[in-house]
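Computed from a predicted structure; not experimentally measured. In listed order, ligands and their atoms are each counted from 1.
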Amino acid sequence: MSVFHNLKVKNIKKETSSSVVISFNVSQDLISFFNYLPGQYVSLKLLIDNKEVLRDYSICSSKNEVLSIAIKEIPEGYASSFLNNSINIGDVIMVSTPRGKFILDNNLAEDTIGIAAGSGITPIMSMLKTTLFEGSNKFFLIYSNKSPEETMFLSNLIKLKEDYPDRLFLNLVYTKIEIEKHYFGRINSSNISNLIGFENLHNNKIYICGPEKMLFEVKAGLEMNNVLNENICYELFKSSEENKFVTTDKGGVEIIYTVDDYTTKIKSTKEKTVLDSALDNDIDAPYSCSGGVCGSCIGRLKNGDIKMLKNTVLTDSEVSDGLILACQAIPVSDTLEVDFDDV
Ligand code: FES
């Protein structure tokens, strides 16, 4: 379960015309709650037009910097527009303790490869800076954007390259503007091994963060080059799929939920996900993206059968161990028991 604390906005920095970095003051008594690992994210509970809105944002600061997140403004994005345009230094925001399984391996002796597109750079930035500031290994970054103007952290990266010329390797890729010495075009399955450099491809951990299409293209390209699956870590920045499903089974289901040591039994329908049934019955199940991306809604299936519409978060062994994504789980059996505490 996420625990939220009120944090004061310490600083706001416009990164590009459509993105912003927000830093928070973490008081002494909260420091132990906000120890984060490079790659993790926090959830923000925002009150916009008297409506509570919950959103996840990756941490972009290195392990020992002031806790900072980066937010790219999405056209007509409710929360991202609010954070880009309506937040001031000194405002108080409810921020969850850090979470997430997309984490930099703490073996800072191996070289590391980061592949990012657009705002997918945010968790990779935390990994890159932690590597440079605390390790002695090299970091190879392949980073795709439409143009330099839309590249988040560009000046920061150029400065880091000057400070760590032998340890940071930047390969900036542009998709809309041709610029000398930079690759022009999209990162895909056929060019990824060239962009990384064959000599770096094997034995090193590769972290990918970006939109779904790029991510699966890159993953396919790495697999074609026999990169071990265990060396590929990825996080979908945003799901491009709608969370739609069709079920022919419109029967009823009885579900027992355990959340925060409290057990509740409800009756619902197999047309709803396990998460929707919980929320419709005022059960305080954890969730965030509702799209099978963030992993906030992980629960353990103690009894019964479900099918998952989509899963890019749990490993095969976690699934066989009984873990489910409640927002993606459709009841199959007539009774289910889901425990959100036992995860
Ligand atoms: S709520 Fe994000 S994966 Fe289910």
Residue pairs passing the ring-ring contact (aromatic ring centres under 6.0 Å, His included) test where at least one lies in residues 156-193, sequence neighbours excluded: Phe140-Phe169, Tyr174-His182
Under 3.5 Å, sequence neighbours excluded: what are the donor-acceptor pairs made by side chains of residues 30-40?
from: Tyr36; atom 1: OH; to: Ser61; atom 2: OG; distance (Å): 2.8
from: Tyr36; atom 1: OH; to: Ser62; atom 2: O; distance (Å): 2.7
from: Tyr36; atom 1: OH; to: Glu65; atom 2: O; distance (Å): 3.3
from: Gln40; atom 1: OE1; to: Leu37; atom 2: N; distance (Å): 2.9
from: Gln40; atom 1: NE2; to: Gly100; atom 2: O; distance (Å): 3.3

Is any side-chain heavy atom of Leu141 closer than 4.5 Å to one of Ile121? yes
Just wondering, more than 12 heavy atoms not from Lys14 lying within 6.0 Å of its NZ? yes
Mark up the atoms of ligand 1 that fall under 4.0 Å of a heavy atom belonging to Gly295, in ascending order. 2 (Fe), 3 (S)
Gly292 heavy atoms, cut-off 4.0 Å: which ligand 1 atoms fall inside? 3 (S)
Report the angle formed at atom 4 (Fe) of ligand 1 by atom SG of Cys327 and atom SG of Cys297, rounding to the nearest 10°. 110°
